[in-house]
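First the structure, in the form of structure tokens, and then the observations on it.
So that the names make sense, note that chain A is the first sequence line, chain B the second, and so on, each numbered from 1. Values reported hereafter were calculated over all heavy atoms of this structure, with side chains retained and with hydrogens, waters and symmetry mates removed.
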There are 2 protein chains.
Amino acid sequence: MTAKKIEKDTENKILEAAKKVFVLKGLDGARMQEIADEAGINKALLHYYFRSKDQLFMMIFKVEIGNFFPRLIPILLSKEMTFDQKIYHFVENYIDLFLRNPFLPTFIIREINRNPQMVAQFFIEAGIESNNFKQIIAGFAGELGISPKEAFHLIINTVSACIFPFAGRPIIEQVFFDGNTAEYNHFLEERKKFVAEFVVNSIKGRMINTK
Amino acid sequence: MTAKKIEKDTENKILEAAKKVFVLKGLDGARMQEIADEAGINKALLHYYFRSKDQLFMMIFKVEIGNFFPRLIPILLSKEMTFDQKIYHFVENYIDLFLRNPFLPTFIIREINRNPQMVAQFFIEAGIESNNFKQIIAGFAGELGISPKEAFHLIINTVSACIFPFAGRPIIEQVFFDGNTAEYNHFLEERKKFVAEFVVNSIKGRMINTK
DNA sequence: GTCTATACGGTGATAGAC
DNA sequence: GTCTATCACCGTATAGAC
């Protein structure tokens with residue numbers, strides 16, 4: 001095993017540990033000592049690799065916000081799916097992402113509100129254009145015969161229904177499931193189907209209204 | 001002005017300042033010095049009135065989570081409104097609550113995930129029974145001819161659509177509104193109507209499906 | 001590259017005068 | 001009740017040996 005390989009290993013161990021701790025506790029709640037323990041090294045090495053807590057945090061944040069938001073644009077932009085198919089696909093994939101990363105929504109919500117400037121900076125650096133989103137909205141509006149404004153609210157409603165049950169889990173699980181974690185996981189799994197149906201039905205119901 | 005009155009004044013000034021700082025920055029991010037500055041007093045007085053940071057925080061948390069969740073149960077339990085009316089009423093009032101307290105959703109999400117135990121403790125202390133919620137679910141299921149499970153998903157979808165645009169504001173505002181705060185406020189105001197319509201339409205669309 | 005030891009600043013909390 | 005001064009501790013960051 002080369003020195004280079006060892007170096008990469010340590011760096012990855014740190015990043016993995018930092019992700020775990022930062023995602024769970026946030027920048028303010030995380031402790032460098034805890035990250036070091038989690039990585040099986042000592043504090044000094046963290047600074048050797050990443051200089052400061054803030055810099056280490058930014059490494060994690062940039063990756064995680066990249067996972068959170070723009071990953072699913074291709075689904076919504078696809079030319080080969082109907083609106084219904086896109087919604088089913090999107091909801092299933094998005095909820096699945098959170099089932100694999102249950103604390104991602106809370107992490108993102110916590111940190112973007114702690115420092116909203118990071119968001120603007122990220123979208124500039126990553127070169128993400130709002131054109132993609134406007135294209136999705138326009139596409140939905142055209143296909144469904146609704147206004148872009150209404151299409152946008154629809155997208156927000158869909159995204160909300162995917163994310164909130166993860167961010168608000170402690171309350172919902174306590175109130176409605178008496179703290180039963182297994183049942184709550186089942187509920188989240190169910191939502192892949194129910195949320196998509198809900199959205200699709202809403203459009204159907206709207207069409208009848210205007211006839 | 002009596003001594004008692006002065007005492008109450010100071011206590012209220014502290015609570016007001018603590019609310020402001022804790023809601024914005026969370027327990028981990030808040031500093032006692034900042035709360036003291038905001039209240040126009042010094043740190044020692046905070047401890048004189050509330051012993052510790054944790055105790056002061058709990059004062060705020062209990063009030064705010066009380067605002068957040070159970071306040072709107074009466075609307076949903078009312079016998080004098082149809083399902084549609086309840087939804088319109090609920091959504092309007094809930095979004096309105098957040099327009100007046102824009103950082104409440106983020107605060108609650110941040111803190112319940114930091115310490116989920118607080119949630120269980122709160123609901124026990126406050127004597128809130130999950131029966132109310134089960135009654136609401138059963139009521140919806142009966143009136144709409146759907147399963148309790150589906151009625152529950154519907155409620156979660158509705159709540160999600162009210163809350164998430166506040167918790168996820170920095171991202172949505174940046175991506176879709178180029179950081180324009182006034183436009184985003186307008187969007188939030190609009191949602192009172194759009195979210196309620198969305199939910200009601202979904203039920204209409206579902207009915208047609210099963211016919 | 002990795003460790004131990006330590007410097008340094010900040011933060012919650014207390015003591016004690018008024 | 002309210003203040004100033006101060007303590008004790010903790011957390012980030014660095015120095016320096018290996």
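A donor and an acceptor atom, one from each side chain of Glu125(A) and Gln121(A), are located under 3.5 Å apart. Counted by atom type alone, Asp37(B) and Gln33(B) present one or more donor-acceptor pairs between their side chains at under 3.5 Å.
The interatomic distance linking Glu34(A) (CD) with dC10(D) (C1') rounds to 14 Å, in whole Å. One can place CG of Asp28(B) at 11 Å from P of dG11(D), the figure rounded to the nearest angstrom. Rounded to whole Å, the distance from CG on Asp37(A) to P on dC10(D) is 15 Å.
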| message | Please encode protein proximity along nucleotides 3-18 of chain C as a string of B, S and -, counting only heavy-atom distances under 4.0 Å. | response | BB------SBBBB---
| task | Kindly determine whether Arg110(A) and Ile109(B) satisfy side chain to side chain contact (heavy atoms under 4.5 Å, CB included), including the steps that lead there. | result | CA-CA 8 Å; Arg110(A) 189 200 291 122; Ile109(B) 289 171; over 6 Å; no
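The backbone N or O of Leu104(A) lies less than 3.5 Å from no partner atom in the side chain of Asn101(A), so there is not a single donor-acceptor pair.
The shortest distance between the side-chain N/O atoms of Thr10(B) and the OP1/OP2 oxygens of dG1(D) is not below 4.0 Å.
For the pair Arg114(A) and Phe57(A), the cation-pi test (distance below 6.0 Å, angle within 45°) is passed.
Aromatic ring pairs are classed by plane angle as parallel below 30°, tilted from 30° to 60° and perpendicular above 60°; the pair Phe68(B) and Tyr94(B) is tilted.
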